[in-house]
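Chain identifiers are assigned alphabetically (A, B, ...) following the order of the sequence lines, protein sequences preceding nucleic acid strands; residue numbering begins at 1 within each chain. Side chains included, hydrogens not; waters and symmetry mates left out as well; all remaining heavy atoms used.
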Amino acid sequence: MRNHYTFRGVKGMRDVFPEAARAYQAWEARAREFFARYGFGEIRTPLVEYTVLFERGVGQGTDIVNKEMFYVPSKDQDEEEGGERDRKMVLRPEATASVVRAYVEQEVDKTAPGVQRYFYMGPMFRYERPQRGRLRQFTQIGIETLGSASPAADAEAVILLHDLLSAAGLPGLTYLFNAVGCPACRPGYIRKLQEYARARTNPLCEDCRQRLEKNPLRLFDCKVDACRAVMAGAPLVQDALCSECRDHQRRVLGLLETSGVETQIEPRLMRGLDYYTRTVFEVVAEGLGAQNAVAAGGRYDHLVEELEGPPTPAVGWSLGIERLLELAPAQEPATAGPDIFIVAAGPDPDRLFYHVTALRRLGLRIGLEYEARSPKALLKKADRLGARFALFVSQTDPETIELKNLRTGKQFPARWDMLDQVVRETG
RNA sequence: GUGGACGUAGCUCAGUUGGUUAGAGCGCUAGGUUGUGGUCCUGGAGGCCGCGGGUUCGAGUCCCGUCGUCCACCCCA
């Protein structure tokens with residue numbers, strides 16, 4: 001790799017070459033298969049949104065909004081005087097806010113009333129310091145179900161995720177669940193939590209003292225021993241849920257149990273995005289280092305209203321392909337090699353090119369080198385590519401050819417206009 | 001944003017207490033095979049030792065800075 005080079009790729013962003021791209025394609029194909037089964041349709045939203053969308057959607061107090069945004073300079077900013085602040089644009093850090101924005105903007109509740117099921121796949125951008133399992137541009141696949149408050153919607157989403165991950169044969173996944181309450185019970189819980197913590201501020205670290213006021217639920221995330229000790233005795237959301245939330249959780253977990261999805265209650269599990277209500281969950285994997293969440297999601301019953309839409313309960317999740325890829329290193333079958341690899345020393349290359357084009361137009365995969373090389377080198381290449389046949393072209397006459405079956409080693413004279421048939425019959 | 005580790009052929013890495021033409025394996029390439037692959041043998045190409053400065057008679061080896069990568073914190077997919 002060139003170390004002193006002007007035209008570097010951007011930090012935390014990767015180039016994906018064909019071999020690695022196959023692994024992405026495999027995940028995308030598998031996901032599409034499952035989405036079709038469950039009735040989810042693809043939605044494609046822009047990579048750029050106005051900043052306010054995420055400030056409102058993801059939350060003002062979150063790290064994603066406060067320090068992880070990729071700002072996009074725009075002409076709008078220069079041209080529009082005055083209110084340019086809310087015209088600021090960013091690369092999307094996640095997709096849920098965009099999907100909801102699109103849903104509200106198009107008034108989908110009026111044009112297509114009822115439950116909407118969407119899936120998306122594409123790059124997300126977060127300005128973080130890269131480390132294992134964390135890129136600045138990464139790829140998410142996710143779903144959003146809008147318009148249902150039913151526990152069945154939560155369960156359906158999780159089962160889809162579970163079956164998709166299981167189909168990939170990933171070992172060592174744990175499905176963690178928690179409930180984070182709703183407007184009826186969460187405010188009361190947060191007050192209790194703050195009361196508890198305020199009475200014990202002394203041992204808390206600097207960060208936690210700030211969290212206490214700004215984002216008290218995050219107190220549970222701290223890894224400082226002293227803070228953990230304090231929080232070990234803190235009141236839990238689970239004990240403060242209203243009867244509706246409690247009932248919702250019970251029914252979701254019940255549906256998952258009958259569907260054979262093993263779940264684990266994690267009473268201190270919190271999410272970094274503000275919009276979640278009731279159900280939150282996270283799928284964690286072993287052996288991924290510090291960034292071990294491969295998928296996460298939950299219910300967000302008030303986000304649509306928050307973005308000026310009609311009351312619309314919703315639930316969704318997203319998974320990070322790159323982390324999944326690290327878990328199951330490319331075991332995808334290699335793409336099929338050429339049907340025929342041309343071995344020619346370059347007599348009348350134009351005539352040869354004509355024949356090759358004709359064969360490709362018949363649907364055959366033809367491997368061809370542009371420069372004349374030794375037969376040995378060409379055969380070697382054909383072998384590496386997994387070609388089924390090698391075609392020897394006479395040095396003196398491009399019409400005189402011999403076809404060699406690289407599996408059996410048998411070689412025999414052939415004619416250009418018969419190749420298509422021979423290759424297909426040999427299947 | 002904070003902390004730590006590491007930058008030597010395309011890749012994985014050696015490189016003695018600073019010492020003269022910087023090495024290995026794999027890969028690439030050519031030949032052995034008077035045009036015929038996957039094994040084997042022999043040869044060849046390929047190095048701003050990340051970059052800049054300093055110490056020294058002499059620096060890939062030591063010091064400072066810088067850029068980059070990785071890991072961890074923070075946070076998250």
Using a cut-off of 4.0 Å on non-hydrogen atoms, how would the nucleic acid contact of A:E282 be classed: base, sugar-phosphate, or nothing? nothing
Taking any heavy-atom pair under 4.0 Å as a contact, classify A:R126: base, sugar-phosphate, or nothing. base
Report yes or no: is the cationic atom of A:R126 (NZ for Lys, CZ for Arg) under 6.0 Å from the centre of the six-membered ring of A:F70, at an angle within 45° of the ring normal? no
Looking only at side-chain N and O atoms, does A:K11 come under 4.0 Å of OP1 or OP2 in B:U69? yes
Rounded interatomic separation in angstrom, taking CD from A:E19 and P from B:G27: 16 Å
Using a heavy-atom cut-off of under 4.0 Å over every strand shown, decide if A:R132 touches base, sugar-phosphate, or nothing. sugar-phosphate
Would you kindly check if the NZ (Lys) or CZ (Arg) of A:K404 is within the cone defined by 45 degrees around the ring axis of A:F392 and under 6.0 Å from the six-membered ring centre? no
Which nucleotide, in any strand shown, forms a Watson-Crick or G-U wobble pair with B:U69, with both distances under 3.5 Å? B:A5
For A:Q131 and B:C71, what is the distance between atoms CD and C1' respectively, to the nearest whole Å? 7 Å
Using a heavy-atom cut-off of under 4.0 Å over every strand shown, decide if A:R384 touches base, sugar-phosphate, or nothing. sugar-phosphate
For a quick check of understanding: with a heavy-atom distance under 4.0 Å over all strands, which category does A:K380 fall into, base, sugar-phosphate or nothing? sugar-phosphate
Validate the cation-pi geometry between A:R37 and A:F34: distance from NZ or CZ to the six-membered ring centre under 6.0 Å, angle to the ring axis within 45°. yes
Below 4.0 Å: OP1/OP2 of B:A77 and any side-chain N or O of A:R271: yes
Does A:G142 reach a base, just sugar-phosphate, or nothing at all? Heavy atoms under 4.0 Å. nothing
Name the orientation class of the two ring planes belonging to A:H162 and A:Y175 (parallel below 30°, tilted from 30 to 60°, perpendicular beyond 60°). tilted
How long is the line joining CD of A:E128 and C1' of B:G1, in whole Å? 12 Å
For A:F392 and B:G35, say yes or no: do the ring centres fall under 5.5 Å of each other while the ring planes differ by less than 30°? no
For nucleotides 44-47 of chain B, list the nitrogen or oxygen atoms of the protein found under 3.5 Å from its nitrogen or oxygen atoms, one pair per line.
none

Rounded distance (Å) that lies between atom C1' of B:A77 and atom CG of A:D63: 15 Å
Does a side-chain heavy-atom distance below 4.5 Å link A:V90 with A:L53? no
Mind checking A:L135 for me? I need base, sugar-phosphate or nothing, with any heavy atom below 4.0 Å counting as a touch. base
Categorize A:A377 for me: base, sugar-phosphate, or nothing, with a 4.0 angstrom heavy-atom threshold over every strand shown. sugar-phosphate
Would you classify A:R14 as touching base, sugar-phosphate or nothing, given that sugar-phosphate means primed atoms plus P, OP1 and OP2, and contacts are heavy atoms under 4.0 Å? sugar-phosphate
